[in-house]
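The structure under discussion appears below in the form of structure tokens.
The residues of the chain are indexed from 1 along the displayed sequence. These values consider heavy atoms only, across backbone and side chains, with no hydrogens, waters or symmetry-generated copies. All values reported here derive from a predicted model rather than from experimental measurement.
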Amino acid sequence: MLLQGSGTVGLWGWLTLLLLVACAARASEITFELPDNARQCFYEEIIQGTKCTLEFQVITGGHYDVDCQLEGPDGAVLYKEMKKQYDSFTFIASRNGTYKFCFSNEFSTFTHKTVYFDFQVGEDPPLFPSENRATALTQMESACVSIHEALKSVIDYQTHFRLREAQGRSRAEDLNTRVTYWSIGEAIILLVISIGQVFLLKSFFSDKRIITTHFGS
């Protein structure tokens, strides 16, 4: 759909369209909780020849690692990694059908994880229906295409920065919790040692009565 206009109204119309298209292209992002000893799978119907990209990252939990596996409709394993913190995998669907990708935390006994993934299926639709035409784009159309590509890059950078910020905050909170417990433990140990020293010093200065017993013959 093309928006026509001139001046300020036309420019804001183009920018609004770009923002809507950029937001729609990121609808496959999901963040979910993965409990300990758990496995979570997702399914996607894909047409043969479609280019797909799976990107994931562990945000919180344990050593920030997870197992990931991607299977085709015939059960063939296309991608498998163990205890990865983050990774990206791109493939082209070899056949029509349902593709399955799973995240596993079965190796962890006590800690649950927070996992983010972005599964992109296919290429972004052209900004203009006639973008692939033989004639050159107008100056306004070229500017809009450049802005659209820049917006997609900005969205990707913002997503990665948010993930890094969330992971850094989780690490800081975990470190703060450990420092708090360590400080409490040190305080308890110091209190016990102080009380023990007081009783020990008191025993040194306390009067000891010597009882003498005489036995007659």
For the ring pair Phe89 and Phe91, is the centre-to-centre distance below 6.0 Å?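 Centroid separation for Phe89 and Phe91: below 6.0 Å.
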Proximity of Phe56 and Tyr116 rings by center, below 6.0 Å: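 No, too far apart.
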Nearest-0.5 Å distance that lies between atom [atom1] in [X] and atom [atom2] in [Y]:
X	Y	atom1	atom2	value
Ser203	Leu200	OG	CG	4.5 Å
Ile59	Arg162	CD1	CZ	10.5 Å
Leu190	Ser183	CG	OG	12.0 Å
Cys102	Lys80	SG	NZ	11.0 Å

For [X], which fellow cluster members are found when Ile, Leu, Val, Met, Phe, Trp and Tyr are connected by side-chain heavy-atom distances below 4.5 angstrom, either directly or through intermediates?
X	result
Val179	Leu175
Tyr157	Phe161
Ile92	none

Which heavy atom of Gly97 sits nearest a heavy atom of Pro73, and at what distance?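 Shortest heavy-atom contact: CA-CG, 3.7 Å.
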Apply the test side chain to side chain contact (heavy atoms under 4.5 Å, CB included) to residues Phe117 and Thr31: give CA-CA distance (whole Å), side-chain angles for both, the deciding distance (0.1 Å), then the verdict. CA-CA 7 Å; Phe117 76 86; Thr31 302; over 6 Å; no
Between Phe101 and Phe32, is there shared hydrophobic-cluster membership here, with clusters defined by ILVMFWY side-chain heavy atoms closer than 4.5 Å?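 Yes, Phe101 and Phe32 fall within the same hydrophobic cluster.
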Tell me whether Ile30 is reachable from Leu34 by hopping between hydrophobic residues (I, L, V, M, F, W, Y) whose side-chain heavy atoms are closer than 4.5 Å.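 Per the 4.5 Å side-chain linkage, Leu34 and Ile30 are co-clustered.
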Would you check if Asp174 and Arg178 make a side-chain contact, meaning some heavy-atom pair closer than 4.5 Å?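 Heavy-atom side-chain distance check passes, below 4.5 Å.
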State which residues pass side chain to side chain donor-acceptor pair (under 3.5 Å) with [X]; sequence neighbours excluded, sorted by chain then number.
X	answer
Thr90	Thr53
Ser94	none
Arg164	none
Glu81	none

Results of ring pair (Phe, Tyr, Trp, His ring centres under 6.0 Å) for Tyr86 - residues two or more places apart only: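 By the ring pair (Phe, Tyr, Trp, His ring centres under 6.0 Å) rule, Tyr86 matches no residue at all.
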Between the side chain of Thr50 and the main-chain N/O of Ile46, is any donor-acceptor distance below 3.5 Å?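 Not confirmed, Thr50 side chain does not pair with Ile46 backbone.
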For the pair Ser108 (side chain) and Asn105 (backbone), establish whether a donor and an acceptor sit closer than 3.5 Å, ignoring hydrogens and angles.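 Pair absent, no side-chain N/O of Ser108 close to backbone of Asn105.
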Can you name the side-chain contact (heavy atoms from CB on, under 4.5 Å) partners of Ile189, sequence neighbours left out?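 In terms of side-chain contact (heavy atoms from CB on, under 4.5 Å), with neighbours along the sequence ignored, Ile189 is linked to Ile193.
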For Glu33, what residues pass the side-chain contact (heavy atoms from CB on, under 4.5 Å) criterion, not counting sequence neighbours?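 In terms of side-chain contact (heavy atoms from CB on, under 4.5 Å), with neighbours along the sequence ignored, Glu33 is linked to His112, Thr114.
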Donor-acceptor contacts, no H, no angles, side chain residues 36-45, under 3.5 Å, sequence neighbours left out:
residue	atom	partner	partner atom	Å
Glu45	OE2	Thr98	OG1	2.3

Please test Asp87 against Tyr79 for side chain to side chain contact (heavy atoms under 4.5 Å, CB included), starting from the C-alpha separation and ending with a verdict. CA-CA 11 Å; Asp87 201 5; Tyr79 169 84; 2.5 Å; yes
Identify all side-chain donor-acceptor contacts of residues 63-70 below 3.5 Å with residues at least two apart in sequence or on another chain.
residue	atom	partner	partner atom	Å
Tyr64	OH	Ser170	OG	3.4
Tyr64	OH	Arg171	N	3.4
Asp65	OD1	Lys113	NZ	3.2
Asp67	OD1	Lys83	N	2.7
Gln69	NE2	Glu71	OE2	2.5

